[in-house]
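Structure, as structure tokens:
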Amino acid sequence: MAHSHPGYHDHHIGPEPQSWWTKYVFSQDHKVIAFQYVLTALFVGAVGMGLSWLMRLQLGFPGKVELINPTVYYQAVTQHGMIMVIYLLTALLLGGFGNFLVPLMLGARDMAFPFVNMLSFWAYFLSVVVLLASFFVPGGATGAGWTLYPPQSILKGTPGSDWGIILMLVSLLLFIVAATMGGLNYVTTVLQLRTKGMTLMRMPLAVWGIFVATVLALLAFPALFVGGVMLLLDRTVGSSFFLPAIVQFGQQLPREGGSPLLFQHLFWYFGHPEVYIVILPAMGIVSELIAVHSRKPIFGYPMMVLSIVVIGALSFIVWAHHMYTSGMNPYFGFLFAVTTLIVAIPSAVKVYNWVLTLWRGNIHLTTPMLFAIAFLNTFLIGGLTGLLLGNVIIDFPLQDTYFVVAHFHMVMGVAAIVAIFGGIYHWFPKATGRMMNETLGKVHFWITFVGTYAMFLPMHHIGLTGVPRRYFGFENLQFIPESVRDLNVFITVVALIVGAGQLVFAYNLVHSIFWGKKVGDNPWRAATLEWQTPTPPPHGNWGDQPPPPVYRWAYDYSVPGEKEDFIPQTRPQVTAGAGGGGE
Amino acid sequence: MPQVKEREGSGIVRGRGGGGNGGGNEPGGLEAFPVPTARLGLWIFMAVATVLFSALVSAYLVRMNLPDWKSLSEPGLLGLNTALLALASLFLQRAAWASRRYDLGATRRNLQLGGLLGFAFVAGQLLAWSQFQAMGYFLVSNPSASFFYLMTALHGLHLLGGLVAWGVVGSRVPPSALSVQLCTTYWHFLLLVWLVLYGLLLLT
Ligand code: HEM
Ligand SMILES: [Cu+2]
């Protein structure tokens, strides 16, 4: 659909692209950039999933698969973690959903700095290329674990310590540049380009989540950048920021005095906010899905906003809970345990409000809704195990066991990815004008949902028996009971099935783009602004019209006395106060 | 006689729906804070850079207390470079003032001088590096030296980025007043960062 906008001169919107290149490749249109982010992220995500298969095969059937030796195993562990956290979740939620939703939901024509936005995607793309290239350099990709702790990450003996680690770090630095350029856009756009009437406290929660997550990203990534550059120097020129005096293979290395702990602090000062960079947008997306598909106003909107902000702020003062066992002053441990546990309060507020939103709602069990509900319970379970781990004394025996792996897969991995799936099913009709197939969607949902529990619930048990994570083999560990080996076989089989189940999603996605059922502009009958645009939204989003002003909050569903069960944000208030307000 | 462009967004006060700085949403207008969008973007970027340098400084302070640390004697050239950077800031400030008066000639002159002094600073830093090496401090000789190179390099890169922006602003005829002012703000910021880094190097 090509619209032209005679008479519109608009600084915040690139020129209407004329050639194929500027339209689909070097596009400055936030929607195209969003699709580029989504597709690239889904692609690396598939790679990350393949790597998890390699790991699972080794854990379930040790030694049975020729291909997997310790080197390959460690590379798979490392790259799986890194890819999933950074290159899939962060990129897809901020770069993908952030780009697509922020301008559309706020009634802007595009991002504040479209050119920088385009650069952001291409820097991200380059970082992915460098990352994938690291698999093919001599020595292969790094196998240092996604936390890249020195000294082992850069010393001989660790897989990929020749070139892999260098490319990994370069790729991360590129990613940070990309995230910063994108982040500048999202924050500025939220602050400056809202349409008339779209006050901050009328913004949809998805935008709030993305906004606060972006602020976190902008304030957290620089620490990783500094740590990354220093580690790169330690590796390439032989400086000694992080490397203490080390004797390796009977030889004294020419370094001394460096502090590996320093890296851990820099890493987790970034690393903990990072988990909220991922989860806050997911929470926002889920809030939208729940309101729309249960036809209910969000319960406690101001508290929802406040809790997003508070979680974001707290996330900067809890990082050392990842380092309880690295050795620290007991008072610090106490301090960080307290701040860590406090995070539970705003998180619980959110869960209560979601449940109260659902309460007595007119719940439509559509695919997006199913995924949103899946988010609620995986997030809840993962949050609860987080509370256990937040206590220093409980964490000591559990740190570096499969209990931690189960914790963060529930709370971060699965929760975020189901929110993403839900979001894709939900906004697909807006992006393409077609529906994704509901039956296939439900098949995909049940495989993923049941599979998740089948994989990660037993993993908690495995962790509780003390099985350490990041081990290639357990043959000689006598304390591990036979039952754990059976469970590992079981988990591996499920993982293979769940992985294969994602093909249903891939098929559905591609098929629906071309042959999905055609729908109108607002098939879910949603109140937020993006559904009031033409479908798919043209360059500039609002066609020849100026962006519509907004008169009410985003969640006027099932307002008593109304004919329809939703009122778009663009409908003026008739009588003062009716239906507007917060709660 | 060409004039400096009107200040974009008619500058400072932009009420609701003012649509300043080409906010772009015409008749309906915008909900926005009363600051030009580009300026806000710069502030956010400076916040990011502040975190970056803070992380660097914290790492420095931690590493400094480990036993193998040796204090450096900084090359005297750094004092001169500092003066150059301060002068650059001063001239850019004059350019900003001139742009407020819509005085194109003075804006141009001061803008050019400021940028050239910026280049001089970068050149001076490179020279300081080579002096430093002549003194026997290489990138890996001691962590204090490693930090010295890292800090000056990161600061220098930020300045080079600023110089690219400066080039773009200066090549526009006439340069927009807002962009001249943004350059100035950024230069002051870099001066401040440098003073902190330099102070840290001198004191330790
Ligand atoms: C009430 C909330 C939470 C608490 C109290 C909590 C606490 C913890 C603690 C103490 C650890 C360290 C465990 C160890 O290594 O021994 C941990 C690990 C982790 N948590 Fe959480 N967590 C919470 C929520 C979350 C959320 C929301 C996410 C992600 C969105 C998340 C992601 C992670 C990740 C990725 C790790 C493991 C990192 C690694 O070692 O590789 N957590 N959590
Ligand atoms: Cu954490």
Side-chain angles (χ1 to χ4, degrees), chain A residues 8-13 106-110 112-113 116 180 183-185 187-189 191-200 215 218-227 229-230 233-234 237-241 244-245 254-259 261-262 265-266 269 542 546-550, chain B residues 8-9 14 16-45 47-63 65-70 138-143 145-147 149-151 153-154:
Chain A
Y8 274 113
H9 175 72
D10 211 319
H11 289 248
H12 286 290
I13 163 176
L106 295 182
R109 288 196 173 280
D110 207 312
F113 312 111
V116 179
T180 306
L184 274 175
N185 262 303
V187 171
T188 315
T189 305
L191 292 179
Q192 297 300 84
L193 298 188
R194 283 163 289 136
T195 188
K196 184 143 175 77
M198 180 65 81
T199 57
L200 289 176
V215 173
L218 290 175
L219 300 181
F221 270 120
L224 181 66
F225 192 90
V226 169
V229 172
M230 286 160 65
L233 289 175
D234 274 4
V237 301
S239 57
S240 190
F241 291 111
R255 325 278 182 93
E256 53 174 337
S259 167
L261 261 185
L262 178 57
H265 279 293
L266 287 171
Y269 173 84
W542 308 95
V550 159
Chain B
E8 298 206 26
R14 175 165 60 146
R16 301 195 148 184
N21 190 30
N25 287 21
E26 343 62 49
L30 283 176
E31 296 287 337
F33 290 92
V35 48
T37 300
R39 173 161 297 156
L40 190 78
L42 178 66
W43 282 349
I44 297 171
F45 178 73
V48 175
T50 306
V51 181
L52 182 102
F53 286 108
S54 310
L56 193 61
V57 168
S58 325
Y60 185 92
L61 293 175
V62 171
R63 187 66 180 85
N65 289 317
L66 296 171
D68 62 330
W69 184 273
K70 294 199 194 76
F138 295 97
L139 184 47
V140 295
S141 23
N142 191 265
S146 313
F147 265 108
Y149 286 106
L150 183 57
M151 285 173 164
L154 280 179

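Sequence lines set the chain letters: A, B, ... in the order given, protein chains first and strands last, and positions in each chain run from 1.
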### Side chain / backbone / both / neither for A/Ser259 at chain B, heavy atoms under 4.5 Å
both

### Task
Could you tell me which of B/Pro143, B/Pro67, B/Ala59 has the largest number of non-hydrogen atom pairs under 4.5 Å with chain A?
B/Ala59

### Message
With a 3.5 Å distance limit and no angle check, can you tell me whether B/Glu31 reaches the backbone of A/Thr199 through a side-chain donor-acceptor pair?
### Response
no

### Query
Considering only heavy atoms, which portion of A/Leu219 lies under 4.5 Å from any heavy atom of chain B: side chain, backbone, both, or neither?
both

### Message
Heavy-atom cut-off 4.5 Å, strictly under: side chain, backbone, both or neither for B/Val62 against chain A?
### Response
side chain

### Query
Distance-only, no hydrogens or angles: does the A/Gln192 side chain make a donor-acceptor pair with backbone N or O of B/Leu40 under 3.5 Å?
no

### Task
Select one option (side chain, backbone, both, neither) describing which atoms of A/Phe241 are under 4.5 Å from chain B's heavy atoms.
both

### Task
Compare all side-chain heavy atoms of A/Leu193 with those of B/Leu30 and state whether any distance is below 4.5 angstrom.
yes

### Message
Could you measure the distance from the CG atom of B/Leu56 to the CE atom of A/Met230? Nearest 0.5 Å is fine.
### Response
7.0 Å

### Task
Mind checking the CD-CG spacing from A/Glu256 to B/Asn142? Nearest 0.5 Å is all I need.
8.0 Å

### Query
chain B: which of A/Gly183, A/Ser239, A/Pro222 shares the most heavy-atom pairs with it under 4.5 Å?
A/Pro222

### Query
What's the spacing between B/Leu52 CG and A/Thr180 OG1 if we round to 0.5 Å?
9.0 Å

### Query
What part of A/Leu200 lies closer than 4.5 angstrom to a heavy atom of chain B: side chain, backbone, both or neither?
side chain

### Task
Below 4.5 Å from any heavy atom of chain A, which atoms of B/Leu150 appear? Answer side chain, backbone, both or neither.
side chain

### Task
First locate atom OG1 of A/Thr188, then atom CD1 of B/Ile44, and finally report the distance between them rounded to the nearest 0.5 Å.
3.5 Å

## Note on the structure
From the list A/Val116, A/Val229, A/Leu191, the residue making the most non-hydrogen contacts under 4.5 Å with chain B is A/Leu191

### Task
For B/Phe45, enumerate each residue passing the ring-ring contact (aromatic ring centres under 6.0 Å, His included) test, keeping only those at least two apart in sequence or located in another chain.
none

#### Entry: Toward chain B, the part of A/Leu266 with a non-hydrogen atom under 4.5 Å
side chain

### Summary
If one checks every heavy atom of B/Phe147 against chain A at 4.5 Å, the contacting part turns out to be both

#### Entry: Atom group of B/Leu66 that falls short of 4.5 Å from chain A, counting heavy atoms
side chain

## Note on the structure
Of all heavy-atom pairs linking A/Val226 and B/Ala55, the shortest is CG2-CB, 4.1 Å

### Query
Side chains of B/Val48 and A/Phe221: does their closest heavy-atom pair fall under 4.5 Å?
no

#### Entry: A/Val215 portion near chain B, given a 4.5 angstrom heavy-atom threshold
neither

### Query
Which bit of A/Leu233 is near chain B, if near means a heavy-atom gap under 4.5 Å: side chain, backbone, both or neither?
side chain

### Task
Can you measure from CG (A/Leu262) to CZ (B/Arg63) and round to the nearest 0.5 angstrom?
8.5 Å

